[in-house]
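Below: one structure, written as structure tokens.
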Amino acid sequence: MATGEEAVHMNNAALGLAGKPATAARMYDYFLGGVHNFPADRDAARRVIEQYPLFPQWAVANRAFLRRAVRYLLRHGIRQFLDLGSGIPTVGNVHEIAHEFASDARVVYVDIDSVAVAESLEILDGNKLATAIRADLRDPRAILDHPDVRAILDFERPVGLLLAAVLHFVPEDEQAYGGVEQLVAALAPGSYLTVSHVATESLPISSTRTKNAVEVYTRQTATSGKPRDREQVERFFTGLELVEPGVAWLHDWRPDPNDTTKVPANPTDGGEWAAVGRKG
Ligand SMILES: C[S@@+](CC[C@H](N)C(=O)[O-])C[C@H]1O[C@@H](n2cnc3c(N)ncnc32)[C@H](O)[C@@H]1O
């Protein structure tokens, strides 16, 4: 019987990813202080932190933004969520937040990482209102047509589409913008798009530090990365009505006094842009 880590190596080798022992999902888990990561993930994550020591702080701020955005959507009547790039289950999962507010809320988690999906399915065992599937957001049709997605979500009614800290793992603009456009087109009026995205303003593309951090993802994981600037993040919301305050730093998007999110000393150290938009 293979250990968890051996199984991951075997899985990566089968996927043609030998030599790419870390994953973005488990590195993020490490940034958040979680325990669902292996030495290869910790090694890769530490290399990123060497370049940008604020990475763990940004991960925590991102998670807090996601919680605030989900609560905002619930207050505005959303009862179904499609969470793409959902990651390893961690405290304050979308279905937990949603069920605190509305016991009939429905959630589908989607991730490219089979370990993240397996762990999500484990905690959702027996839950008829939530599930997880393994899929790639660069293939929106496969997600929208997936029978498990169709069994939980009703696309005739509004859906909260969540793309938190994932679009920067789709560096090709055509796939990132085209994918979001296709997903939003499939949603009923009254649906919402939520995005958070690593910011070029905090991680300048031309800087050596950014190049080194991106290189860690390219070399050690199956997902490379690319920061985008405020305007490029706003472009994901073309045709949608941005909710106040528009595209803002994670900590500035409708801050909640109960959150412990740290506000960076330097305003351009916000790390990620965050926004929510409504489909009219
Ligand atoms: C930084 S984590 C974000 C997790 C969660 N959304 C959050 O904000 O807390 C990014 C996740 O996106 C997933 N991911 C990366 N590229 C993806 C793709 N093309 N399709 C689906 N998931 C992807 C990774 O496996 C990882 O779990």
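Computed over heavy atoms, backbone and side chain alike; hydrogens, waters and symmetry mates excluded. Atoms within a ligand are numbered from 1 in the order they appear, just like the ligands themselves. Small disclaimer: the values here were computed from a predicted structure and weren't measured.
- Shown here are the side-chain contact (heavy atoms from CB on, under 4.5 Å) partners of P171, two or more places apart in sequence or in another chain: S224, K226.
- Within 4.0 Å of ligand 1, heavy atoms belong to protein residues A25, Y28, N62, R63, G85, S86, G87, D111, I112, D113, A135, D136, L137, R138, A164, A165, V166, F169, T223.
- Of all heavy-atom pairs spanning P245 and D252, the tightest one is CG-O, 4.0 Å.
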Side-chain donor-acceptor pairs of residues 150-161 under 3.5 Å, sequence neighbours excluded:
residue : atom : partner : partner atom : Å
R150    : NE   : L144    : O            : 2.7
R150    : NH2  : L144    : O            : 3.1
D154    : OD1  : E156    : N            : 2.9

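- Enclosure of atom CD in E181 is not indicated, since only 12 or fewer non-hydrogen atoms of other residues, nucleotides or ligands lie within 6.0 angstrom.
- Residues W273 and Q232 have side chains not in contact (no heavy-atom distance under 4.5 Å, counting atoms from C-beta outward).
- Checked against ring-ring contact (aromatic ring centres under 6.0 Å, His included), W253 has the following partners two or more places apart in sequence or in another chain: F65, Y72.
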